[in-house]
Amino acid sequence: MSSEGGKGSALSMPISDADFNRLVHFVQSKYGIDLRQKKQLIVSRLSNTIRSQGFAQFKDYVDYMLTKGNSEDINHLLSKLTTNYTYFMREMGAFDFFNGKIMPDIVARHKRDKCLAVWSAGCSSGEEPYNISMYMMDYLGSQASAWDTRLLATDLSMEALTKARRGIYELPDTLPKSWKKNYFVPAEGGKFQVAPKIKNNVIFQQFNLMDPIKFKRKFDVIFCRNVMIYFDQATKKALAERFYEATVPGGYLIISMSENLDPGTKYRRVGASIFQK
């Protein structure tokens, strides 16, 4: 998830400081996204939407969103203010650590039950969880069918999840040729669709990271990359604490190279962007 600004247009609709602050507080308190420095982004990305929905001014729109906005309205608002940007093989160092250090560790710990619990939190359009699944399948090799490697992938955006479930992408040159052959099937327009054995290994679900984490199992590994950079410090600290409680003893949290955890975190750092409980 990312929040990149855009140029305003001649049709930009002015927003008062009061309405700006009300909208910022609403989005941050409900979804963790910090828009305090994004006034121009809000104006440039929402003005046309507000007009098309029949509102004469920002105040009317903010009033509606805070009192009557339904899930579809919220999804539309968040899709306008965030850009789901991700790609296969992103930050290879984390994947190298996952494949070289984490997989041997968690596979050894689960020799009896043969069940791994991995969560891609903020999965965007799906490249990350599919990528993780490929690494797990590749590592387990001929033994993969004996293991339950199904991983959870969540995002706030229904639009991103729709694309993720479709699983059709343009593939980068950095993707191993063997993976392109084994884990994808050709699709229209020179694109490729994730093969069923990888697609069926990922469970997509809408989830707000501001909510309590109450999944049935605790996780061996949580990936949450390029999400917390859009949260303020208090929100990041609280989320890391919830992640910690949702991680099994000895389990891992993987964030992005552009992020860090609060110095007082209970996790211990074991890699550049990798922490262990």
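- Y135 has its ring centre less than 6.0 Å from the ring centre of W179.
- Scanning for side chain to side chain donor-acceptor pair (under 3.5 Å) contacts around T149 gives N201, with sequence neighbours left out.
- A search for salt bridge (charged side-chain N to carboxylate O under 4.0 Å, His left out) contacts involving R217 returns nothing, not counting sequence neighbours.
- Residues satisfying the side chain to side chain donor-acceptor pair (under 3.5 Å) criterion with R269, sequence neighbours excluded, are N260.
- For E128 and R90, the salt-bridge test fails: no basic side-chain N is under 4.0 Å from an acidic carboxylate O.
- Between the side chain of D148 and the backbone N or O of R150 there is at least one donor-acceptor pair closer than 3.5 Å.
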Could you go through the salt bridge (charged side-chain N to carboxylate O under 4.0 Å, His left out) check for K101 and D105 one step at a time? CA-CA 6 Å; K101 300 289 186 181; D105 181 17; over 6 Å; no
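- For the pair K236 and F231, the cation-pi test (distance below 6.0 Å, angle within 45°) is failed.
- Applying the ring pair (Phe, Tyr, Trp, His ring centres under 6.0 Å) rule to pairs touching residues 41-60 yields F55-Y61, F55-Y64, sequence neighbours excluded.
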Test side chain to side chain donor-acceptor pair (under 3.5 Å) on T235 and D232 and set out the steps. CA-CA 5 Å; T235 303; D232 65 19; 2.6 Å; yes
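- Applying the ring pair (Phe, Tyr, Trp, His ring centres under 6.0 Å) test to residues at least two apart or on different chains, the pairs with a partner in residues 245-277 are Y244-Y267.
- The ring of Y183 has its center no closer than 6.0 angstrom to the ring center of F88.
- Sorted by first and then second residue, the pairs that involve residues 57-79 and meet salt bridge (charged side-chain N to carboxylate O under 4.0 Å, His left out), not counting sequence neighbours, are R22-D63, K59-D63.
- The main-chain N or O of L209 is found under 3.5 Å from a side-chain atom of R242 such that the two form a donor-acceptor pair.
- For the pair N182 (side chain) and F184 (backbone), a donor-acceptor distance under 3.5 Å is absent.
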